> 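Below are the structure tokens for one structure; questions will follow.
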Amino acid sequence: MLALGSGPEQRIRLVLQWRQISWITCWITLCAVEALPACPFSCKCDTQSLEVDCSGLGLTTVPPDLPVATRTLLLLNNKLSALPSWAFANLSSLQRLDLSNNFLDQLPGSIFGDLTNLTELQLRNNSIRTLDRDLLQHLPLLRHLDLSINGLAQLPPGVFDGLPALRSLSLRSNRLQNLDRLTFEPLASLQLLQVGDNPWECDCNLRDFKHWMEWFSYRGGRLDQLACTLPKELRGKDMRMVPMEMFNYCSQLEDENSSAGLDSSGPPCTKASPEPVKPKPGAEPEPEPSTACPQKQRYRPVSVRRAIGTVIIAGVVCGIVCIMMVVAAAYGCIYASLMAKYHRELKKRQPLMGDPEGEHEEQKQISSVA
């Protein structure tokens with residue numbers, strides 16, 4: 001129990017303590033609100049899966065207020081055409097990024113530099129024509145990469161060197177005409193490769209990649225159809241089904257090019273005709289060296305009909321040999337059965353020992369059977 005005179009002082013102390021507690025409570029509340037991840041305007045956020053869905057909103061830029069702890073970011077079906085290099089900075093926890101169905105034409109080389117935990121990257125159905133060599137160098141955990149339905153005409157050397165965990169890669173519906181096997185050799189974990197619907201030129205530039213495809217299929221990798229567009233003899237045919245004999249001219253062409261480089265000691269040939277040199281008076285005109293470019297023979301792959309004809313002829317020859325072997329075996333069996341039958345009859349009609357007529361008759365029967 002407090003004294004009567006101490007009532008006002010006690011009330012003042014309680015008021016001061018209440019104010020202090022209120023200020024502390026407000027400060028803690030403000031700190032907690034700031035610590036909570038803020039969801040960008042018009043986007044949908046899932047606090048349990050840490051997914052931010054900003055798809056189909058007609059965005060032209062990436063929202064700047066993305067939560068740092070985001071694991072899945074969906075930006076598909078928007079109007080993104082150009083992205084700055086810092087568009088995904090500080091999103092080190094991001095695991096899945098979907099940029100499909102936009103208007104992206106070129107990506108900065110360091111745009112994915114902070115996404116070290118990214119496992120899936122979707123760039124499907126954009127207008128990407130070239131890839132920076134360093135674009136994918138900082139994604140060691142990436143497993144799925146989709147670059148289909150773009151305008152890629154070639155892949156820079158070493159673009160996949162930083163993807164040791166990549167399992168599936170889609171390059172469908174681009175403008176690829178040939179590929180270098182060195183670009184795909186670092187992909188030791190690759191299991192699925194999609195390269196269909198490209199204007200492939202099945203010539204010497206694609207020969208080494210054909211070897212890599214055969215090795216990839218041999219170790220259990222899945223590969224869709226790589227249909228040739230050129231030359232006309234191979235149009236529509238799967239590159240893996242083309243026999244290696246049709247690339248024999250490639251080594252011949254390489255040998256001739258190397259020998260031509262060694263023998264070219266004179267001036268280089270030019271298509272433009274040089275100006276004639278006026279001869280000096282009293283001097284015999286010297287023969288001018290020929291600078292015209294010799295017409296190189298255009299090598300064409302061996303016809304598919306010729307390869308098929310060779311296979312048919314080999315099959316016919318093997319069939320004839322097999323038939324002859326069967327006939328010979330049948331003849332041997334028949335001859336053995338006849339001889340056995342003859343010996344059985346001979347034992348039944350065996351004459352007495354020392355009978356000359358019987359021996360003479362036996363010799364006649366043996367000669368008749370022979």
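In this chain, residues are counted from 1 in sequence order. Treat the numbers as computed from the prediction; the structure is a model and nothing was measured.
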> Would F88 and L115 satisfy side chain to side chain contact (heavy atoms under 4.5 Å, CB included), going step by step from the backbone distance to the final call?
CA-CA 8 Å; F88 306 108; L115 308 182; 4.1 Å; yes
> Taking the side chain from N198 and the backbone from L176, do they hold a donor-acceptor pair closer than 3.5 Å?
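A pair under 3.5 Å: yes.
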> Who are the salt bridge (charged side-chain N to carboxylate O under 4.0 Å, His left out) partners of R240, not counting sequence neighbours?
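In terms of salt bridge (charged side-chain N to carboxylate O under 4.0 Å, His left out), with neighbours along the sequence ignored, R240 is linked to D238.
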> List the atom pairs, with distances to 0.1 Å, where a side-chain N or O of residues 89-103 and a protein N or O form a donor-acceptor pair under 3.5 Å, not counting sequence neighbours.
{"residue": "D98", "atom": "OD1", "partner": "S100", "partner atom": "N", "Å": "3.0"}
{"residue": "D98", "atom": "OD1", "partner": "S100", "partner atom": "OG", "Å": "2.8"}
{"residue": "N101", "atom": "OD1", "partner": "N125", "partner atom": "ND2", "Å": "2.9"}
{"residue": "N101", "atom": "ND2", "partner": "N77", "partner atom": "OD1", "Å": "2.8"}
{"residue": "N102", "atom": "OD1", "partner": "N78", "partner atom": "N", "Å": "3.2"}
{"residue": "N102", "atom": "OD1", "partner": "K79", "partner atom": "N", "Å": "3.4"}
{"residue": "N102", "atom": "OD1", "partner": "L80", "partner atom": "N", "Å": "3.2"}
{"residue": "N102", "atom": "ND2", "partner": "L75", "partner atom": "O", "Å": "3.1"}
{"residue": "N102", "atom": "ND2", "partner": "L99", "partner atom": "O", "Å": "3.1"}
{"residue": "N102", "atom": "ND2", "partner": "S100", "partner atom": "O", "Å": "2.9"}

> Can you find a pair of side-chain heavy atoms, one from L155 and one from L171, that are under 4.5 Å apart?
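Yes, at least one pair of side-chain atoms sits under 4.5 Å.
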> State which residues pass side chain to side chain contact (heavy atoms under 4.5 Å, CB included) with I313; sequence neighbours excluded, sorted by chain then number.
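Only V317 meet the side chain to side chain contact (heavy atoms under 4.5 Å, CB included) criterion with I313.
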> Does the side chain of L226 come within less than 4.5 Å of L206's, by heavy atoms?
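Yes - at least one pair of side-chain heavy atoms lies under 4.5 Å apart.
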> Within the structure provided, determine whether L136 and L121 are in side-chain contact (heavy-atom separation under 4.5 Å).
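Contact flag for L136/L121 side chains = yes.
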> Kindly compute the distance separating CG (L346) from NZ (K341), expressed to the nearest 0.5 Å.
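One finds 14.0 Å between CG of L346 and NZ of K341.
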> Using 30° and 60° as the class boundaries, would you call the ring planes of W212 and W215 parallel, tilted or perpendicular?
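Tilted, since the angle between the ring planes falls between 30° and 60°.
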> Measuring from atom CD1 of I323 to atom SG of C318, what distance do you get when rounded to the nearest 0.5 angstrom?
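Going from CD1 on I323 over to SG on C318, the span is 11.5 Å.
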> Hey, is CZ on R235 packed in by over 12 heavy atoms from elsewhere, all under 6.0 Å?
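Result for CZ/R235: enclosed.
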> Under the side chain to side chain contact (heavy atoms under 4.5 Å, CB included) test, which residues partner R129, sequence neighbours left out?
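With neighbours one apart ignored, the set is empty.
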> Not counting sequence neighbours, list each pair that qualifies as a disulfide (SG to SG under 2.5 Å) and has a residue in residues 41-84.
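Applying disulfide (SG to SG under 2.5 Å) to every pair that reaches into residues 41-84, excluding sequence neighbours, yields C39-C45, C43-C54.
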> Other than V326, what residues sit in its cluster of Ile, Leu, Val, Met, Phe, Trp and Tyr side chains whose heavy atoms are under 4.5 Å apart, directly or through others?
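Traced through the cluster, V326 reaches no other member.
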> Can you see which heavy atom on P63 is nearest to which on L66, and at what distance?
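What the structure gives for the nearest pair is O-CG, 3.4 Å.
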> Listed by chain and number, what are the side chain to side chain contact (heavy atoms under 4.5 Å, CB included) partners of S49, not counting sequence neighbours?
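Here the qualifying residues are D46, E51.
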> According to a 4.5 Å side-chain heavy-atom criterion applied to Ile, Leu, Val, Met, Phe, Trp and Tyr, with indirect links allowed, do L163 and V195 form part of one hydrophobic cluster?
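In one cluster: yes.
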> I'd like to know if the side chain of K210 and the backbone of M239 have a donor-acceptor N/O pair within less than 3.5 Å.
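At least one qualifying donor-acceptor pair exists.
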> Using modelled atom types and a 3.5 Å cut-off, is there a donor and acceptor pairing between side-chain atoms of N126 and backbone atoms of I128?
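No, N126 side chain to I128 backbone: no donor-acceptor pair under 3.5 Å.
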> Of all the heavy-atom pairs spanning V52 and P67, show the shortest one and how long it is.
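Looks like CG2-CD, 4.1 Å.
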> Is there a donor-acceptor pair closer than 3.5 Å between any side-chain N or O of N174 and the backbone N or O of L152?
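Pair found, side chain donor or acceptor close to backbone of L152.
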> Consider side-chain contact (heavy atoms from CB on, under 4.5 Å). Of T130, I111, V159, which one does L135 pass it with?
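Exactly one option meets the side-chain contact (heavy atoms from CB on, under 4.5 Å) with L135, and it is I111.
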> Please set out all donor-acceptor pairs under 3.5 angstrom arising from side-chain atoms of residues 183-191, sequence neighbours excluded.
{"residue": "T183", "atom": "OG1", "partner": "D180", "partner atom": "O", "Å": "3.4"}
{"residue": "E185", "atom": "OE2", "partner": "R181", "partner atom": "NE", "Å": "3.1"}
{"residue": "E185", "atom": "OE2", "partner": "R181", "partner atom": "NH2", "Å": "3.4"}
{"residue": "S189", "atom": "OG", "partner": "P164", "partner atom": "O", "Å": "2.9"}

> Tell me, do L83 and V62 make a side-chain contact under 4.5 Å, heavy atoms counted?
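The answer is yes, as the side chains (C-beta and beyond) meet within the 4.5 Å cut-off.
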> Can you run down the side chain to side chain donor-acceptor pair (under 3.5 Å) pairs that involve residues 133-145, sequence neighbours left out, and say none if there aren't any?
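Pairs touching residues 133-145 that pass the test: H144-S168.
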> Is any side-chain heavy atom of L145 less than 4.5 Å from a side-chain heavy atom of S170?
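Answer no - side chains too far apart.
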> Is it true that a side-chain atom of S217 and a backbone atom of E214 form a donor plus acceptor pair closer than 3.5 Å?
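No, because the side chain of S217 does not come within donor-acceptor range (under 3.5 Å) of the backbone of E214.
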> Which pairs with one or both residues in residues 219-228 pass side chain to side chain donor-acceptor pair (under 3.5 Å), sequence neighbours excluded?
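The answer is R172-D224.
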> If Ile, Leu, Val, Met, Phe, Trp and Tyr residues are connected whenever their side-chain heavy atoms lie under 4.5 Å apart, and connections chain through other members, are L76 and L118 in the same group?
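Different clusters.
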> Just do the side chain to side chain contact (heavy atoms under 4.5 Å, CB included) check on L230 and W200 with the steps written out, would you?
CA-CA 7 Å; L230 292 175; W200 299 110; over 6 Å; no
> Examine distances only and state if a side-chain atom of D132 and a backbone atom of S110 form a donor-acceptor pair shorter than 3.5 Å.
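Not at all, since once roles are kept as given, no pair shorter than 3.5 Å links the two residues.
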> Can you run down the side chain to side chain donor-acceptor pair (under 3.5 Å) pairs that involve residues 114-124, sequence neighbours left out, and say none if there aren't any?
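Every side chain to side chain donor-acceptor pair (under 3.5 Å) pair that includes a residue of residues 114-124, provided the two are not neighbours, is E120-Q122.
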> Hey, mind stepping through L193 and L223 against side chain to side chain contact (heavy atoms under 4.5 Å, CB included) and telling me if it holds?
CA-CA 5 Å; L193 177 62; L223 185 71; 3.6 Å; yes
> Can you confirm whether F41 sits close enough to D65 that some side-chain heavy atom of one is under 4.5 Å from a side-chain heavy atom of the other?
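The answer is no, as the side chains (C-beta and beyond) never meet within the 4.5 Å cut-off.
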> Name all pairs fulfilling the disulfide (SG to SG under 2.5 Å) condition that reach into residues 215-245, sequence neighbours left out, sorted by first residue then second.
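For residues 215-245: C202-C228.
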> Restricting to non-hydrogen atoms, name the atom on L192 and the atom on F216 that form the minimum distance, rounded to 0.1 Å.
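So the two residues come closest at N-CZ, 4.2 Å.
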> Working to the nearest 0.5 angstrom, can you tell me the gap between S81 OG and Q106 CD?
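With rounding to 0.5 Å, OG (S81) is 12.0 Å from CD (Q106).
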